[in-house]
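All heavy atoms count here, side chains included; hydrogens, waters and symmetry mates do not.
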Amino acid sequence: MNQQIENNFSYHAPKPGQPEIYHEIREKAKELAYLIDQKAPDSREKSLAMTNLEQAVFWANAAIARD
């Protein structure tokens with residue numbers, strides 16, 4: 001059995017303190033998203049920046065959850 005596969009495809013219930021960390025990460029990302037939205041012209045590049053920011057939040061939270 002591959003432990004990494006088992007871990008990556010399992011539900012990870014939040015541990016004490018984790019929801020607050022998730023919230024903090026989302027708030028900082030939202031701050032950056034607003035800055036990008038205000039300063040960058042509408043374009044494919046702006047859309048990619050937003051998509052990748054969403055991915056960064058997802059993977060940061062996954063790193064916390066999977067630890």
Side-chain angles (χ1 to χ4, degrees):
M1 181 180 337
N2 184 311
Q3 285 303 109
Q4 185 167 0
I5 291 173
E6 290 297 318
N7 187 51
N8 289 353
F9 293 93
S10 297
Y11 172 71
H12 302 278
K15 297 175 186 152
Q18 286 180 333
E20 293 82 8
I21 296 169
Y22 300 147
H23 177 74
E24 185 177 353
I25 290 170
R26 283 192 310 271
E27 287 299 310
K28 290 294 183 183
K30 188 190 314 182
E31 183 180 331
L32 180 55
Y34 274 112
L35 179 64
I36 292 168
D37 189 49
Q38 293 168 0
K39 302 295 182 179
D42 290 339
S43 60
R44 176 178 176 272
E45 293 80 5
K46 179 178 176 177
S47 295
L48 288 169
M50 292 296 206
T51 297
N52 282 288
L53 182 56
E54 290 177 38
Q55 288 180 348
V57 170
F58 172 84
W59 287 116
N61 287 342
I64 295 162
R66 291 178 178 179
D67 183 33

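- Rounded to the nearest 0.5 Å, atoms NE2 (H23) and NZ (K28) are 10.5 Å apart.
- Applying the 6.0 Å contact sphere to CD of E6 captures more than 12 heavy atoms from other residues, nucleotides or ligands.
- Taking CG of N7 as the start and CD1 of I5 as the end, the distance is 11.0 Å to the nearest 0.5 Å.
- For I64 against Q18, the heavy-atom pair with the smallest separation is O-NE2, 3.1 Å.
- The local environment of CD in E27 is crowded, with over 12 non-hydrogen atoms from other residues, nucleotides or ligands closer than 6.0 Å.
- In this structure, CD in E54 is found 14.0 Å from CH2 in W59, a value given to the nearest 0.5 Å.
- Looking at heavy atoms from C-beta onward, D67 lies out of side-chain contact with K15 at the 4.5 angstrom threshold.
- Under the 4.5 Å side-chain criterion, counting only non-hydrogen atoms from C-beta, T51 is in contact with Q55.
- Taking all atoms of both residues into account, the shortest heavy-atom contact from L53 to A29 is CD2-O, 3.3 Å.
- Clustering ILVMFWY residues whenever any of their side-chain heavy atoms sit less than 4.5 angstrom apart, transitively, puts I36 in a cluster other than the one holding L48.
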Take V57 and K30, measure what side chain to side chain contact (heavy atoms under 4.5 Å, CB included) needs, and give me the verdict at the end.
CA-CA 10 Å; V57 170; K30 188 190 314 182; over 6 Å; no

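- The hydrophobic cluster containing F58 does not contain Y22, counting ILVMFWY residues as joined when their side-chain heavy atoms lie under 4.5 angstrom apart, directly or transitively.
- Between the CG atom in N8 and the CD atom in Q3 there is a gap of 11.0 Å [rounded to 0.5 Å].
- Under the side-chain hydrogen bond (donor to acceptor under 3.5 Å, both in side chains) criterion, D42 pairs with K46, sequence neighbours left out.
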